[in-house]
Amino acid sequence: MAAPPQRPTPVIPREAWEGCSVLLDINDGDRLAFFRLNPGATVKIGNTSYSLQPLVGRPFGSLFRVGPSGLVPCAAEAPPQAQVVADGQVQDETRDNRSLVDNNTAQNLSSEDIEAMKRDGASGDAIVEALIANSSTFGNKTVFSQEKYKLKKQKKYAPKVLLRRPSTRSICETYFKKYPARIGFMRVDALSLLLSMANVGAYSDVLVVDIVGGLVVGAVAERLGGTGYVCNTYLGSAPSNIDIIRMYNLSSDMNSRIFQASLSDVCSLQNSGTVLNGNIQGEVVEPSAVSDESPQSSLALPVDAAVSDGNAQSTGVQPIKIEVPEPSMDENLNQDDNSLSDCKGNDDTSIASKPVKAGRAPSPEKMKYWEEHGFSSLIVAAPGHEVESLVADLLPLLSYSAPFAIYHQHLQPLAICMHSLQVSKSAIGLQITEPWLREFQVLPSRTHPHMQMSGFGGYILSGIRIQKPDPCNME
Amino acid sequence: MMVPLDPANKPTSQRRIAEGDTVVVYERHDVMRAVTVAGGGVLQNRFGVFRHADWIGRQFGSKVFSSAGVGGKDGRKAGGGFVYLLAPTPELWTLVLSHRTQILYIADISLVVAYLELIPGCVVLESGTGSGSLTTSLARAVAPQGRVYTFDYHDQRASSAREDFEKNGLSSLIAVAVRDIQGEGFPDEHCGAADAVFLDLPQPWLAIPSAGTMLRQDGVLCSFSPCIEQVQRSCEAMRPFFTDIRTFEILLRTYDVNEGALKSATANEEANVGRLCKKKRKVRPAGEVLDSTQSSCVMVKPCNTARGHTGYLTFARRSVHGSQTEAT
């Protein structure tokens, strides 16, 4: 076939710019925090605040260390493997811990000595070297153990700051590691599956219920890349908190494609479904297709009144309290006056996000379009909610053949929802899946799964909406 | 059109099945096939004979019945059998494509797309093309203005993949070329221009230095290998050019949902002796009441069979420090 036309111009910014959102990884994941590179922005490490100005214009992925005058770029240290491999052969380690005694006398340098070194202007690396030189046990440690010792001391005396680009991957990983409750314990592999299973891509019109702080809305907007639309449906009277989308560096065009509408407004689309399908030419018995949906789908308002199946009754019970992010943010994500939530007054480059724009109510024209064309997919991430009636309400808003993906951290609500969809025959390809993710340490002669891992990343119910059985329509 | 290239050709409720469209014919969750709709076309399966002409003008997602009175494959009277006609998506395509090689499935694919940080407009290099399962998802992720450049050393496989992409309307997003990436590396024209590189090669370590020169700074490489020995060598090859090297294994556990009844432990009828009555454990219409001595409920359990291993996914970021000279 003819080769595709010219290579596109790069879309991912590779350098930090004034006013952008950045993720700082301090000391190899010890601390992860989002900042906005406003002129006065600082990061506090230890007892000192450092200006973030040196980060502006630097490539994402750059490493910084603390110098006398603030943060300075530095090179990554050589991989520790160099000393392990000799002549392509892995050296056999002969040392072990048989002679180590934990009596707190191994270090000959006192804290006063270290303070004195600091006063004399010694660099963090010099202090670490001195600590090693004055450790009576260092030489007896294995190479791996020596490396560990060095890293531990470096963290304390020579902290490193890694500049990272916020993206769905890094934002989800950061929240999962630091504030998992805010994102409903959704692991990055579960989020990735939601996006795939819901066929999110350019020009999609994605119906979303995001009660995970905006993580899903932001991830969908990123995948849309300034095309298509996200309609986030909120339950109750006030729009959901979707503050996490501020961490993404979404362009104003991307933000302008994020809408928020109440469940009742969204469901009013469905109630006029007879009209909408009636004006489609060429289809005979179509008008009844939507309005004939199981009774539960027309009950839009009381969320728990729609349960038609006595067995599925899980509603009389006290709802599980799930910690959901409140508008106020945690210190680490929202440090001092340079926090992302305080960035509204900042008018910098055109790429800088204008969070104010995201999450408006959709225009009547937009609503009419969705009414006539249907949404192209549905993602529900409401970890504290019953989903059976929610899905019954929202599914009719999708076009036929549109896929959907429902996240939950509990299995039972999804099982009930799936069963109800099986019975109503409104969807096919129904499946509940749970991703299982295991990370490995890969090193010469030392490859094994990580000792600590996440045991659970969430359940997903996926399927495809279909036209209801319509026997009169066949020959 | 599997991946819309402009708003006009996205699938909506207004779209109708037309001649030349690819539809995914759904018989059961594990029996599906891709069919190109042709005016005089006929699909024959265990449910009977389906005339394509009956499909034209219907919506995607429709349920269609086999022509009544037409003999099925085994001569029995068919008619009344039905299938669903679905709009193709990369996920469905992965389930229906013809396997010319071992392919990647949704769990690995979704993690690859997320970890490669692909967004519309990205440039991604892939080798090998294989059966094009991942390629299709990469194309969706970078559409409409991005590009996937995919390479396979197998001439015939590359041609077949190219035909598939063309049929699915992906030709403007995917360029297929025949090239031995392990031996020759990626073409110089992509030097420093790729946002992401994906390798699924028997000896990925041979291609890693080239992948390093193709990537923009902070761009992400992924290497998929079934064996840990391959991973071991790949990671060693990555260390000079890459940071943030991480290896994962991802599997999916699937669950069966059934409505059923467990026998009461307190009732002392003889009938209650024994295990769970299997016949009750199937989906039944709402409202149908079970034996009053038994309480029916929705029960869920992991499926008995599962895929145990697909491969290891190793991700790494192109360093921005040092080793920059190698990017020439």
Side-chain angles (χ1 to χ4, degrees), chain A residues 1 3-4 7-8 11-12 14 59-63 75-76 79 81 167-169 188-189 192-193 196 199 201-203 222 225 282 308-309 311-312 373-374 376 399-401 403 411 415-416 418-419 422-423 428-429 431-440 442 447 464-467 469 474, chain B residues 3-4 7 10 12-14 29 57 59-63 65 84 86-87 89 106-107 110-111 114-115 117 119-121 123 140 143-147 162 166 171-172 175 195 216-218 231-232 235 239 247-255 257 259 283 286 296-298 300 317 320-322:
Chain A
M1 232 8 260
R7 185 183 304 120
V11 284
I12 297 183
R14 297 298 179 179
F60 289 112
S62 299
L63 200 60
Q81 280 63 41
S167 65
T168 297
R169 166 185 170 178
V188 64
D189 49 324
S192 316
L193 274 168
S196 285
N199 189 28
Y203 303 115
E222 198 186 69
S308 63
D309 183 346
N311 304 312
H373 292 79
S376 51
S399 62
Y400 295 129
S401 199
L411 186 52
I416 289 165
M418 174 159 159
H419 180 255
Q422 284 172 331
V423 170
I428 53 170
Q431 195 169 43
I432 296 178
T433 48
E434 177 198 356
W436 186 86
L437 185 71
R438 180 162 223 174
E439 185 166 2
F440 288 75
V442 180
T447 294
I464 296 171
R465 189 196 176 206
I466 47 155
Q467 193 174 14
M474 55 168 299
Chain B
V3 175
K10 64 182 175 184
T12 73
S13 311
Q14 308 283 332
H29 75 279
Q59 293 189 54
F60 284 100
S62 296
K63 183 178 187 176
F65 293 83
Y84 294 98
L86 302 179
T89 63
I106 186 164
S110 62
L111 195 67
Y115 264 60
E117 301 182 327
I119 60 168
V123 171
R140 173 181 61 195
Q145 77 276 32
R147 294 286 178 276
R162 199 179 286 123
E166 203 172 322
S171 296
S172 63
D195 292 293
R216 301 177 65 202
Q217 60 186 7
D218 206 39
V231 174
Q232 192 92 48
C235 286
R239 289 189 222 282
T247 300
F248 296 94
E249 182 182 16
I250 182 167
L251 295 170
L252 284 190
R253 183 173 225 193
T254 55
Y255 290 82
V257 173
E259 187 187 352
V283 179
S296 170
C297 59
V298 174
V300 54
R317 251 172 220 290
V320 299
H321 298 288

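To find a chain, count down the sequence lines: A is the first, B the second, and so on, and within it residues start at 1.
Of the listed residues B:Leu252, B:Val300, B:Leu251, the one with more heavy-atom pairs under 4.5 angstrom with chain A than any other is B:Leu251. Comparing B:Pro7, B:Gly121, B:Pro4 by how many heavy-atom pairs each has under 4.5 Å with chain A, the most go to B:Pro7. When each of B:Leu86, B:Val123, B:Thr89 is checked for heavy-atom pairs under 4.5 Å with chain A, B:Leu86 comes out on top. Per-residue counts of heavy-atom pairs under 4.5 Å with chain B were compared for A:Ser167, A:Ser192, A:Gly225; the largest is that of A:Ser192. In terms of heavy-atom pairs under 4.5 angstrom with chain B, the leader among A:Pro403, A:Gly201, A:Pro59, A:Ser376 is A:Pro59.
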Inset, instruction - Just do the side-chain contact (heavy atoms from CB on, under 4.5 Å) check on B:Gln59 and A:Ser399 with the steps written out, would you? - result: CA-CA 9 Å; B:Gln59 293 189 54; A:Ser399 62; 5.8 Å; no
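With a 4.5 Å cut-off on side-chain heavy atoms, A:Arg465 and A:Tyr400 count as touching. Contact of the B:Glu249 side chain with the A:Trp436 side chain is registered, since non-hydrogen atoms from C-beta on lie closer than 4.5 Å.
With a threshold of 4.5 angstrom between heavy atoms, A:Ile464 approaches chain B through side-chain atoms but not through N, CA, C or O. Using a 4.5 Å cut-off between heavy atoms, A:Thr168 makes no contact with chain B at all. Heavy atoms of A:Leu437 lying under 4.5 Å from chain B belong to its backbone as well as its side chain. With a 4.5 angstrom heavy-atom cutoff, B:Val3 does not touch chain A via any of its atoms.
Applying the salt bridge (Lys or Arg N to Asp or Glu O under 4.0 Å) criterion to A:Arg14, with sequence neighbours excluded, gives B:Asp195. Under the rule for a salt bridge (Lys or Arg N to Asp or Glu O under 4.0 Å), the partners of B:Asp218 that lie at least two apart in sequence or sit in another chain are B:Arg317.
A:Gln467 and B:Ser62 share a donor-acceptor pair across their side chains, judged by distance under 3.5 Å alone. A donor-acceptor pair shorter than 3.5 Å cannot be found between the side chains of B:Thr254 and A:Gln431.
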